[in-house]
Amino acid sequence: MRNKKIALITGISGQDGSFLSELLLKKGYEVHGIIRRSSSFNTSKIDHIFDKLELNYGDLTDSTSIDTIIQKIKPDEIYHLGAQSHVKVSFDIPKYTSDVNSFGTLYLLESMKKHVPNAKFYNASSSELFGKVQETPQNENTPFYPISPYGVSKIHSYWMTKTYRQSYNLFATNGILFNHESERRGGTFVTKKVISKLIDMIVYHGNVEPLLIGNLEAKRDWGYTPEYVEGMWKMLQHSEPDDFVLATGETHSVRELIEEACKQLNLNLEWYGKGKSEIGICTNLGISRKTIVKVNPIYFRPNEINSLLGDPSKAKKLLNWEAKIKFKELIEIMIKNEFNK
Ligand code: NAP
Ligand code: F7E
């Protein structure tokens with residue numbers, strides 16, 4: 001009998017992996033993670049807890065490394081968060097995205113079946129599965145209609161998780177998570193990109209290039225990551241494996257995100273033009289009017305999900321999970337933490 005539960009996290013160096021590691025360490029787990037070899041440091045988000053973690057080199061495209069690690073560690077809980085997680089990039093590298101996101105999940109499930117069939121498995125599924133949405137809001141029963149290589153790769157991963165649950169009686173759960181953000185979000189995702197750039201505007205008195213932005217009208221259900229990793233943990237403590245949506249139940253556009261961030265930063269923003277030529281001018285940054293936002297079509301996607309809105313009522317009822325931090329407070333937290341950095 002082991003005196004500590006052992007957790008294995010794929011994607012431990014990412015946004016969610018870093019917050020989940022902190023949570024599991026606080027709960028007394030022995031936390032192991034899989035990291036990729038990189039020619040430059042890729043552990044900045046977990047450096048503050050580095051000495052408390054057990055890290056193993058591996059890659060989700062390499063079934064041998066996955067199998068060796070699971071056989072060695074024999075985890076009680078596996079949190080599968082590793083992925084090529086950028087939707088726009090998935091249009092540029094669709095095969096690699098599938099190799100990592102679809103087959104990585106399969107390798108983990110096979111290895112779990114072989115070495116630790118009594119372990120619990122969390123699969124990082126995504127609201128991108130809903131794609132061209134078939135109903136609003138989206139819940140666990142809403143039909144899927146993915147429209148990006150990322151979404152399709154995650155459909156494979158979702159169904160493989162469900163198939164292993166049903167065929168081999170594994171405790172394998174899908175968390176269908178809507179967008180969740182924090183100061184640790186990768187810099188190319190829209191919330192982090194907008195907030196860091198607007199803060200740079202202030203710090204450098206407007207002497208920086210404008211924020212180049214894509215589709216201003218796309219709407220997302222944005223929540224705060226620490227709350228979502230708590231939801232992942234709760235899913236694996238539930239009496240049985242299942243599928244759960246985690247979301248705030250609010251949706252806002254990229255335009256609203258920029259407007260709210262400007263408001264909180266006391267930047268007066270005025271929009272001019274339309275479509276590809278739209279710009280945002282700030283009237284109170286220095287003495288002259290300054291263009292701080294510019295639409296740039298290079299950030300448009302070949303296919304776009306116009307709007308996502310989650311219905312998290314199942315998670316509320318069965319897991320007692322609820323997103324307390326909504327849109328405005330999320331932006332407030334991200335701004336505060338960005339300034340502190
Ligand atoms: P993230 O910050 O992009 O982190 C992705 C992690 O996966 C990183 O640790 C990355 O390692 C690792 N990884 C990438 N390719 C790998 C490979 N070939 N082998 C091993 N590891 C690899 O993503 P996140 O925001 O934390 O999201 C966590 C998971 O939830 C992902 O599966 C994502 O698709 C899914 N998801 C996220 C959201 C969201 O809003 N954040 C919503 C729904 C679902 P490096 O650090 O070396 O790059
Ligand atoms: O885009 C629009 C963009 O890249 C959000 C991943 O964690 O959540 C994330 O995927 C929206 C889209 O996130 C820019 O077109 C406008 O409509 O921040 P994002 P995402 O694509 O929603 C899901 C749930 C995941 O599962 C993914 O792993 O913002 N947008 N202008 C832009 N997006 C970016 N990145 N950059 C722009 O300049």
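Start at 1 and go down the list; that is how both ligands and their atoms are numbered.
In terms of protein heavy-atom proximity, atom 31 (N) of ligand 2 is closest to G214 N, 2.9 Å. At the top of the distance list for atom 19 (P) of ligand 2, counting protein heavy atoms only, stands R301 NH2, 3.7 Å. Counting only heavy atoms of the protein, atom 20 (P) of ligand 2 lies nearest to N179 ND2, 3.7 Å. Among protein heavy atoms, atom 38 (O) of ligand 2 sits closest to K193 NZ, 2.7 Å. Considering only non-hydrogen protein atoms, atom 2 (C) of ligand 2 sits nearest to V254 CG2, 3.8 Å. Among all non-hydrogen protein atoms, the one lying nearest atom 27 (C) of ligand 2 is S85 O, 3.3 Å. In this structure, the protein non-hydrogen atom closest to atom 18 (O) of ligand 2 is V190 N, 2.9 Å. The protein heavy-atom contact nearest to atom 15 (O) of ligand 2 is E304 OE2, 2.5 Å.
By the 3.5 Å distance cut-off applied to N or O atoms, R185 is counted among the residues near ligand 1. Among the atoms of G14, some N or O lies under 3.5 angstrom from an N or O of ligand 1.
Looking at H80 against ligand 1, nothing comes within 4.0 Å, counting heavy atoms. With a 4.0 Å cut-off on non-hydrogen atoms, T191 does not touch ligand 2 at all. Of all the heavy atoms of H86, none lies under 4.0 Å from any atom of ligand 1, so neither backbone nor side chain is involved. Residue contacts with ligand 2 for R220 involve side-chain atoms from C-beta outward but no N, CA, C or O (heavy atoms, distance under 4.0 Å). At a heavy-atom cutoff of 4.0 Å, ligand 2 is contacted by no atom of K154, backbone or side chain. The proximity of Y299 to ligand 2, defined as any non-hydrogen pair under 4.0 Å, is limited to the side chain. The proximity of L60 to ligand 1, defined as any non-hydrogen pair under 4.0 Å, involves the side chain as well as the backbone. Of all the heavy atoms of R36, the ones lying under 4.0 Å from any atom of ligand 1 belong exclusively to the side chain. Contacts between F300 and ligand 2 below 4.0 angstrom, taking non-hydrogen atoms only, are absent altogether. Contact annotation: for Y79 versus ligand 1, there are no heavy atoms closer than 4.0 Å. Neither the backbone nor the side chain of S38 has any atom closer than 4.0 Å to an atom of ligand 1 (non-hydrogen atoms only).
Put simply, no part of K88 is less than 4.0 Å from ligand 2, judged by heavy atoms. Under a 4.0 angstrom heavy-atom cut-off, K154 registers as being in contact with ligand 1. The shell of residues lying under 4.0 angstrom from ligand 2, judged by heavy atoms, includes R185. A heavy-atom separation below 4.0 Å is not found between Y122 and ligand 1.
Under the side chain to side chain contact (heavy atoms under 4.5 Å, CB included) rule, F244 has a single partner from N139, L318, N174, which is L318.
Salt-bridge check for E209 with K197: failed, with every basic side-chain N at 4.0 Å or more from each acidic carboxylate O. Salt-bridge annotation for E227 and K324: absent, with no side-chain N of the basic residue lying under 4.0 Å from a carboxylate O of the acidic one. Between R184 and E22 there is a salt bridge, with a side-chain nitrogen of the basic residue lying less than 4.0 Å from a carboxylate oxygen of the acidic one. Checked for salt-bridge contact, K326 and E329 miss the test: no charged N lies under 4.0 Å from a carboxylate O.
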Evaluate the criterion side chain to side chain donor-acceptor pair (under 3.5 Å) for residue pair D67 and H115; output intermediate values, then yes/no.
CA-CA 9 Å; D67 196 63; H115 304 299; 3.1 Å; yes
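For the residues S126, G310, G186, the heavy atom positioned nearest atom 23 (C) of ligand 2 is part of S126.
Remark: aromatic rings of Y158 and F144 are close, center separation under 6.0 Å.
In this structure, N169 places its CG atom where only 12 or fewer heavy-atom neighbours from other residues, nucleotides or ligands lie under 6.0 Å away.
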